[in-house]
Structure formats: C-alpha cells, structure tokens
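Reading through the structure tokens given below for one structure.
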Amino acid sequence: MSADLGQSPSEEATLQSRGYQLLRKLGEGSYAKVYLTEFKLRENSVGESTKSPSNLACKVIDTVKAPKDFVKKFLPRELEILVKLNHPHIIHVHSIFQRKTKYFIFMRFAEHGDLLEFILKKGSISEPQARVWIRQLALALQYLHDMEIAHRDLKCENALITNNYNLKLADFGFARYIVDCNGKNIPSETYCGSLSYAAPEILRGMPYHPKIADLWSLGVILYIMLNKAMPFDDTNIKRLYEQQSNKRWRFRAKFVDVLSDQVKKLAAHLLEPDIAKRWRVEQILNSDWLAMDPRLTQLNHAERLAMQHAQEERKKYLEGRKGSIAVGKKKTSADEITMLKDPKNQHDAAKTAISSPGIVEDEDEKESVHKKK
C-alpha cells in the first residue's frame with residue numbers, strides 16, 4: 001500500500017507512529033500531492049483512545065521535484081503564514097511537519113470538494129446560499145488583510161465545501177505579507193493565480209496592490225456562483241483586458257431577471273477596473289445585499305475572536321516579531337522530523353453559532369450556513 005501512495009516503508013511507519021495513515025490520493029500537481037488521511041489520536045496514559053478516527057487531507061510537497069524559486073521563496077512564505085492562521089472560514093490546518101525533503105501539511109478534509117466542481121455538478125448557486133458563502137469568503141479575506149496578508153490566488157478551486165455546506169478558503173501557496181515591518185505597503189510585481197480571476201491591473205504587468213486584486217477575484221467568484229459561467233473570455237489576454245477595462249460583462253439571460261438589484265450592484269462594484277472605485281471588504285460586509293438576511297449582519301463569537309487574533313498578529317509582525325517558522329520547531333532526531341505546527345499546542349476556536357431557522361452548524365466549528373436547497 002505504501003508504494004502505491006508514493007511512500008517508503010520508513011515514511012509510512014513514521015506517519016503511523018504519529019497517528020496518520022494515508023488512504024488514497026485525492027489529487028496532484030507537478031510537485032505536490034493531496035491524500036485522504038485517517039488520523040487516530042494516540043492512546044492516553046491508561047491505554048484508552050480519547051477520540052474516534054477522523055479524516056483529514058494531507059498535502060505532501062516534495063522539494064526535490066519543486067523549482068528552486070518555489071522552495072526558496074513561495075514555500076517558506078506559505079508555511080510561515082499557515083502556522084498563524086486560525087479563522088472559522090479558512091481551512092483548518094491540523095499539523096505540519098518536515099521529514100527529509102518532504103513537507104506534510106495535514107488539514108481539514110472538505111467532504112463536498114471545491115466550489116468549482118460543486119457548481120459544475122449541481123448548477124448555479126441560489127442567491128441566498130451565495131449570500132452566505134460570499135460573506136464567509138469576505139470575512140476570511142478581511143482576516144487575512146487585517147494581518148497584512150494577501151491571498152493572491154482566490155478562485156473557486158480554492159474555496160472548499162465542508163459536510164454542512166460551509167465554505168473554507170484554502171491554498172496559500174501564493175500568499176504573502178504586503179507590508180514591511182514599518183507598515184509600508186509593498187506592491188506585488190509577480191503575476192500570481194489564474195488568468196480567469198486576475199484583475200486588470202495584474203494583466204497590465206505593472207506593480208499592483210494585492211489586497212485590491214483579491215477583491216476583483218472575489219467578484220469573479222460571485223459571478224460564477226450565480227451564472228455557472230465566467231464573466232470574461234480568457235482565451236486571449238489582450239481581449240480579456242479590453243473586456244475588463246470596458247466593463248464588457250453581463251449576467252446570463254436566464255438569471256438576470258431573477259437576481260436582486262442588490263447583488264447586481266455588488267458584482268458591479270467588485271468587477272470595477274478602477275482600483276480607486278472598487279469596493280473594499282468592509283463595503284461588502286456592510287452591503288445592502290448581505291443585509292437582506294439580517295442574520296448575516298452580525299459576527300458570531302468565533303468570528304469576533306478571529307478578528308482580534310488578526311490584530312494581534314499584525315501588531316507582532318509590525319514590531320518585527322514575525323514568528324518565523326524557525327521558532328518553536330520540535331526536532332525528533334530518530335525519525336528526522338521537524339514539527340512546524342503541532343496539534344497539541346493549538347487552542348480551539350470558540351464554538352458559537354447564530355441560532356436561526358434555516359441555519360445548520362458544523363459539529364466542530366459551529367458556523368452559520370443555510371441548509372442546502
């Protein structure tokens with residue numbers, strides 16, 4: 001079995017000693033693979049297991065197969081950011097460790113896959129459900145942006161759906177801090193993400209503000225949710241930029257008459273080529289569209305705690321105490337394991353929900369979400 005999953009016997013033994021067993025491959029890229037993983041807590045002092053096995057997703061990155069630029073720049077950024085994140089609408093990272101040339105990132109398993117495959121399978125998203133999901137993504141973005149982190153790869157494939165139909169932002173491979181230790185903005189000069197979701201300022205090839213570009217990408221996600229289609233033709237970059245710059249997009253005929261004026265207004269403000277006019281995340285959260293469901297206008301306890309955490313992390317960063325991944329490592333020489341994030345040292349997020357009809361809760365996170373229609 002270990003050979004089928006790309007594991008050596010010693011690697012498999014090391015994982016099992018920590019309670020992890022890779023079950024099957026979920027997907028792969030050029031130098032990373034994702035596996036469905038079973039996690040069993042180790043026995044306590046009296047030989048009893050304190051929790052039944054649970055499923056996780058494990059992203060395995062082999063640095064031998066990865067480009068040098070990725071290993072030296074993007075991977076350290078991703079790891080530094082992942083160990084700090086704690087938000088109910090961001091995929092929970094259970095643990096991270098390094099063994100020889102491989103990194104193992106264990107995270108929450110999203111039972112319903114990503115948003116793109118969900119839309120392709122089920123069709124366009126109803127406006128009430130889209131309202132909940134856009135709010136969840138907007139709160140995740142607000143959290144990141146308050147920490148002075150830009151995601152830079154916001155797309156449907158990186159929005160994962162849990163068993164109770166909550167949306168979780170994932171994949172921080174292109175994420176980075178966007179200020180220096182003095183609080184000065186650092187514009188991005190690297191083209192990141194997918195062409196279909198790239199803001200016009202990125203396509204111009206000039207330095208751009210990544211927070212504002214994230215919000216364009218959120219607008220593209222909103223459009224796709226409601227239309228089951230892309231807003232622009234991305235088969236030609238020059239034509240794509242021309243369409244973006246001249247606002248040449250429209251809702252599909254089969255949906256335009258059933259959608260509210262409020263969501264049309266929000267989409268127009270996000271797919272705004274002028275960065276000075278494009279709506280910021282606070283404007284999304286205070287929009288008339290979200291206010292159509294009063295339950296979504298207030299933060300629950302876990303969301304409030306997460307925002308406090310973001311402010312604390314931002315303060316640490318600006319004070320120059322960045323909490324590098326080199327800090328707090330735990331080395332187990334026998335297995336050549338370097339722990340970067342240990343589940344035993346994590347604090348549980350508050351488990352508070354909005355209690356309203358038509359709302360269901362995740363068993364572990366207790367977040368608000370409309371029941372599937």
Side-chain angles (χ1 to χ4, degrees), residues 27-32 34 66-67 69-70 73-75 77-78 113-121 124-125 130 133-134 137-138 140-141 144-145 149-160 167 169-176 178 186-252 266-275 277-279 281 284:
E28 66 177 296
S30 302
Y31 42 87
V34 180
D69 186 51
F70 169 82
K73 183 168 72 172
F74 291 100
L75 180 58
R77 283 178 182 172
E78 179 179 10
D114 66 60
L115 179 59
L116 181 62
E117 61 180 305
F118 185 86
I119 293 172
L120 292 175
K121 185 184 300 182
S124 62
I125 307 300
W133 282 352
I134 287 296
L137 288 179
L141 271 187
L144 292 172
H145 290 178
I149 295 169
H151 188 276
R152 301 202 301 172
D153 194 19
L154 205 62
K155 58 184 178 180
C156 290
E157 295 93 316
N158 289 338
L160 306 180
L167 211 58
L169 183 58
D171 199 336
F172 292 82
F174 286 124
R176 54 157 283 195
I178 53 89
I186 307 171
S188 285
E189 299 183 10
T190 305
Y191 169 78
C192 295
S194 299
L195 185 62
S196 303
Y197 298 84
E201 61 266 26
I202 297 177
L203 299 186
R204 279 199 295 267
M206 302 293 288
Y208 64 93
H209 196 303
K211 281 186 183 180
I212 303 175
D214 276 348
L215 293 166
W216 173 279
S217 301
L218 185 62
V220 175
I221 291 175
L222 173 61
Y223 182 94
I224 295 170
M225 279 186 183
L226 299 173
N227 290 268
K228 195 187 174 184
M230 303 299 298
F232 305 103
D233 177 7
D234 62 359
T235 57
N236 179 280
I237 295 180
K238 184 177 180 180
R239 182 167 57 247
L240 171 61
Y241 178 72
E242 189 271 335
Q243 289 178 349
Q244 291 177 336
S245 302
N246 293 286
K247 304 182 184 180
R248 291 187 179 175
W249 63 273
R250 60 185 179 184
F251 290 99
R252 292 176 65 187
L266 176 58
H269 281 296
L270 291 176
L271 297 177
E272 168 57 63
D274 185 342
I275 62 172
K277 296 178 180 178
R278 191 178 306 156
W279 271 15
V281 69
I284 301 170

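In this text the structure is predicted, and so the values were computed from the model without any measurement.
Here the CE-OG1 distance, from Met230 to Thr235, works out to 11.5 Å after rounding to the nearest 0.5 Å. One finds the CD1 atom of Ile224 at 7.0 Å from the CG atom of Leu116 (value rounded to the nearest 0.5 Å). In this structure, CD1 in Ile134 is found 4.5 Å from CG in Leu218, a value given to the nearest 0.5 Å. In this structure, the separation between CG on Leu226 and CG on Leu222 is 5.0 Å, given to the nearest 0.5 Å. Taking CG from Asp234 and OH from Tyr197, the interatomic distance works out to 9.5 Å, rounded to the nearest 0.5 Å. A distance of 9.0 Å separates CG in Asn236 from CD in Gln243, rounded to the nearest 0.5 Å.
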Pair Tyr208, Trp216 - check ring pair (Phe, Tyr, Trp, His ring centres under 6.0 Å), show working. CA-CA 12 Å; Tyr208 64 93; Trp216 173 279; over 10 Å; no
Phe174 and His151: ring pair (Phe, Tyr, Trp, His ring centres under 6.0 Å), yes or no, with the steps? CA-CA 6 Å; Phe174 286 124; His151 188 276; 8.9 Å; no
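Between Ala268 and Trp249, the closest heavy-atom pair is CA-CZ2, 3.7 Å. For Gln244 against Leu203, the heavy-atom pair with the smallest separation is OE1-CD1, 3.3 Å. In this structure, Val220 and Ser196 approach most closely via the heavy-atom pair CG1-O, 3.9 Å. Nearest heavy atoms, Leu137 versus Ala159: CD2-CB, 4.3 Å. In plain terms, the two heavy atoms of Ala229 and Arg252 that are nearest each other are CB-CD, 3.7 Å. Smallest separation of non-hydrogen atoms from Ala138 and Val281: O-CG2, 3.2 Å.
Between Phe118 and Trp133, the ring-plane angle classifies as perpendicular under the 30° and 60° cut-offs. Note on ring orientation: taking the six-membered ring where Trp is involved, the planes of Phe70 and Tyr31 are tilted (angle from 30° to 60°).
Heavy atoms from other residues, nucleotides or ligands lying under 6.0 Å from CZ of Arg250 number 12 at most. Applying the 6.0 Å contact sphere to CG of Leu195 captures more than 12 heavy atoms from other residues, nucleotides or ligands.
Side-chain contact between Trp279 and Glu272 is absent, with no heavy atoms from C-beta onward closer than 4.5 Å. Taking 4.5 Å as the limit, some side-chain heavy atom of Ile284 sits within range of a side-chain heavy atom of Leu270. Within the 4.5 Å cutoff, the side chain of Glu242 has no heavy atoms near those of the Lys238 side chain. Inter-residue side-chain proximity for Leu115 and Met225 is flagged as met; some heavy-atom pair is nearer than 4.5 Å. Looking at Lys247 and Pro273, their side chains come closer than 4.5 Å, going by heavy atoms from C-beta outward. No side-chain heavy atom of His209 sits under 4.5 Å from any side-chain heavy atom of Glu201. The side-chain heavy atoms of Ser188 and Arg152, taken from C-beta on, include a pair separated by under 4.5 Å.
Distance alone, capped at 3.5 Å, places no donor-acceptor pair between the Asp153 side chain and the Asp171 backbone.
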